[in-house]
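Throughout, numbering of the chain's residues begins at 1 and tracks the sequence.
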Amino acid sequence: MYTDRKWGENKTVPSITKISQQKNDGERYNIFLDEKYAFSVHESVLVKFGLSKGMSLEDWSIDEMVYEDEIRKAFNRALHYLGFRMRSEFEVKKKLMDLEYGEAVVLEAIVKLKRLDFLNDETFSEALLQTQKRSSSKGPKAIQQELRKKGIGKELQDKVLESYTEEEQLQIATKLAEKAANANRSVAPSQLKQKIQNALLRKGYSFDIIKQALANIDFEREADEWTSITESVGEKAWRRYSSKFSGRSLNNRVKQAMYQKGIPFDKIDSFIEKKENEEDGD
């Protein structure tokens with residue numbers, strides 16, 4: 001900003017002696033006062049204040065122009081930031097503050113962005129809801145957490161999430177559960193149910209929705225599937241503990257490991273008996 005002023009009885013008001021267009025940015029102009037570079041402004045500020053050669057400028061008018069230009073720069077930076085994807089008001093404000101624009105300038109820029117509908121938290125929140133449902137299959141609790149991170153207030157969070165019906169939640173949760181169940185046929189039903197429940201909880205679904213979703217899944221296993229599951233879990237546990245334990249201690253360790261993996265007691269006993277017979281045969 002221009003600072004070479006004369007104060008006191010002989011105070012003089014500086015005048016514009018030159019206005020030149022910047023080489024690297026055709027929309028900005030350098031302002032020279034009394035033959036010295038003073039400040040630069042966007043062409044919109046130039047037009048708004050009617051700046052021309054020979055015009056005298058008071059301190060307050062220079063400050064006003066510079067302030068107006070800062071708002072314009074902050075506004076343009078925000079537009080660039082919004083060009084990549086939609087943002088919340090909180091995100092834009094944080095970005096501009098991080099770029100070290102003054103708070104008053106940032107607030108003015110945000111008011112302008114909102115007035116021109118470049119920034120709308122309700123529209124942003126609705127878009128985020130649809131994106132999280134479609135691309136991430138998230139439940140309402142997880143989406144609410146995302147909205148909170150973006151600085152969206154509780155009242156708007158609740159309003160937007162009202163459109164996420166229980167019927168839609170159940171449909172998405174069931175689809176996730178079915179996919180997981182079909183991809184994990186080699187896992188015992190009880191363990192698989194727990195895994196799916198934990199996954200759906202992390203996705204942000206309620207216990208009630210999860211319960212209904214699991215009720216729609218067929219977790220039954222055929223005899224040959226149970227044989228394969230039991231053998232796989234049992235052999236893994238046996239290899240893990242046989243180098244450290246033997247006899248009853250080994251059996252108990254293996255039984256405990258198999259039970260934790262959801263293998264029924266009768267199948268565990270059959271597997272242990274089989275291993276003992278193999279040991280005796282050796």
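Residues Gln212 and Asp208 have side chains that bring a donor and an acceptor to within less than 3.5 angstrom of each other.
The neighbour count for Glu231 CD, taken as heavy atoms of other residues, nucleotides or ligands under 6.0 Å away, is above 12. Atom NZ of Lys18 is surrounded by 12 or fewer heavy atoms from other residues, nucleotides or ligands within 6.0 Å. More than 12 non-hydrogen atoms from other residues, nucleotides or ligands lie less than 6.0 angstrom from CZ of Arg148. Residue-environment remark: NZ (Lys261) stays at or below the threshold of 12 foreign heavy atoms within 6.0 Å. When the shell of 6.0 Å around CD of Gln171 is examined, it contains 12 or fewer heavy atoms from other residues, nucleotides or ligands.
Within the 4.5 Å cutoff, side-chain heavy atoms of Lys133 are placed close to those of Glu168. Here the side chains of Leu119 and Phe124 are not in contact, with every heavy-atom distance at 4.5 Å or above. Taking the side chain as every heavy atom from C-beta outward, Asn76 and His80 never approach each other to under 4.5 Å. At least one side-chain heavy atom of Leu51 sits under 4.5 Å from a side-chain heavy atom of Leu57. Within the 4.5 Å cutoff, side-chain heavy atoms of Thr230 are placed close to those of Met258. Between Arg72 and Val41 there is no side-chain heavy-atom pair separated by less than 4.5 Å. Using a 4.5 Å heavy-atom cutoff, the side chains of Gln145 and Gln157 are not in contact. No side-chain heavy atom of Ile71 sits less than 4.5 Å from a side-chain heavy atom of Tyr101.
The existence of a salt bridge linking Asp121 and Lys150 is excluded, since no basic side-chain nitrogen approaches an acidic carboxylate oxygen closer than 4.0 Å. The pair Glu91-Arg85 counts as a salt bridge, with a side-chain nitrogen and a carboxylate oxygen less than 4.0 angstrom apart. Ion pairing between Glu278 and Lys275 holds under the 4.0 Å rule for side-chain N and carboxylate O. Between Glu64 and Lys48 there is no salt bridge, since no side-chain N of the basic residue sits under 4.0 Å from a carboxylate O of the acidic one. Between Lys73 and Glu70, at least one side-chain N (NZ, or NE/NH1/NH2) sits under 4.0 Å from a carboxylate O, which counts as a salt bridge.
The shortest non-hydrogen separation linking Ile152 to Ser88 is CD1-CB, 4.0 Å. In terms of heavy atoms, Ser137 sits closest to Ile172 at CB-CG2, 3.7 Å. Closest approach of Gln22 and Asn30 over heavy atoms only: NE2-OD1, 2.8 Å. Nearest heavy atoms, Ser40 versus Asp69: O-OD2, 3.3 Å. Pairing each heavy atom of Ala127 with each of Met86, the nearest pair is CB-SD, 3.7 Å. Minimum heavy-atom separation, Val105 to Ala74: CG1-CB, 3.9 Å.
In this structure a side-chain-to-backbone donor-acceptor pair under 3.5 Å is missing from Glu58 to Val13. Here the side chain of Ser232 pairs no donor or acceptor atom with the backbone of Ser228 at under 3.5 angstrom. Side chain of Ser163 to backbone of Val160: a donor-acceptor contact under 3.5 angstrom is found. Between the Arg221 side chain and the Phe219 main chain, a donor and an acceptor come within less than 3.5 Å of each other. Under a 3.5 Å cut-off, the side chain of Asn184 and the backbone N or O of Val187 do not form any donor-acceptor pair. Looking at Glu43, its side chain never comes within 3.5 Å of a backbone N or O of Glu27 through a donor-acceptor pair.
Checked options Leu250, Asn251, Asn252, Asn277; the residue passing with Ile272 is Asn251 (criterion: side-chain contact (heavy atoms from CB on, under 4.5 Å)).
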Test log, rule side-chain contact (heavy atoms from CB on, under 4.5 Å), inputs Thr131 and Arg134: CA-CA 5 Å; Thr131 299; Arg134 184 175 59 252; 3.9 Å; yes
Dump the intermediate steps for side-chain contact (heavy atoms from CB on, under 4.5 Å) on Lys159 and Glu122, then the final yes or no. CA-CA 9 Å; Lys159 179 182 178 182; Glu122 185 166 351; 3.0 Å; yes
Stepwise side-chain contact (heavy atoms from CB on, under 4.5 Å) check, Ile268 with Val254: CA-CA 9 Å; Ile268 293 175; Val254 172; over 6 Å; no
Which is it for Ser20 and Phe32 under the side-chain contact (heavy atoms from CB on, under 4.5 Å) test, yes or no, and what are the steps along the way? CA-CA 8 Å; Ser20 63; Phe32 292 80; 3.6 Å; yes
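Between the CD1 atom in Ile229 and the CG atom in Asp224 there is a gap of 9.5 Å [rounded to 0.5 Å]. A distance of 9.5 Å separates CG of Asp63 from CZ of Phe39, quoted to the nearest 0.5 Å. Once rounded to the nearest 0.5 Å, the distance linking OG1 of Thr174 with CD1 of Ile210 reads 11.0 Å.
The hydrophobic cluster containing Val45 also contains Ile16, counting ILVMFWY residues as joined when their side-chain heavy atoms lie under 4.5 angstrom apart, directly or transitively. Cluster membership check: Leu176 shares its hydrophobic cluster with Phe207, using side-chain heavy-atom separations under 4.5 Å among Ile, Leu, Val, Met, Phe, Trp and Tyr. Ile19 and Val66 fall within a single hydrophobic cluster, where Ile, Leu, Val, Met, Phe, Trp and Tyr side chains are chained together by heavy-atom contacts under 4.5 Å. Residues Leu82 and Phe84 fall into different hydrophobic clusters, defined by Ile, Leu, Val, Met, Phe, Trp and Tyr side chains chained together at heavy-atom separations under 4.5 Å. Residues Leu161 and Leu200 are members of one and the same hydrophobic cluster, defined by side-chain heavy-atom contacts under 4.5 angstrom among Ile, Leu, Val, Met, Phe, Trp and Tyr.
In this pair, Phe245 and Tyr241 present their aromatic rings tilted. The plane angle is within the 30 to 60° band. Ring geometry, Phe265 versus Tyr259: the interplanar angle falls under 30°, so the pair is classed parallel (tilted spans 30 to 60°).
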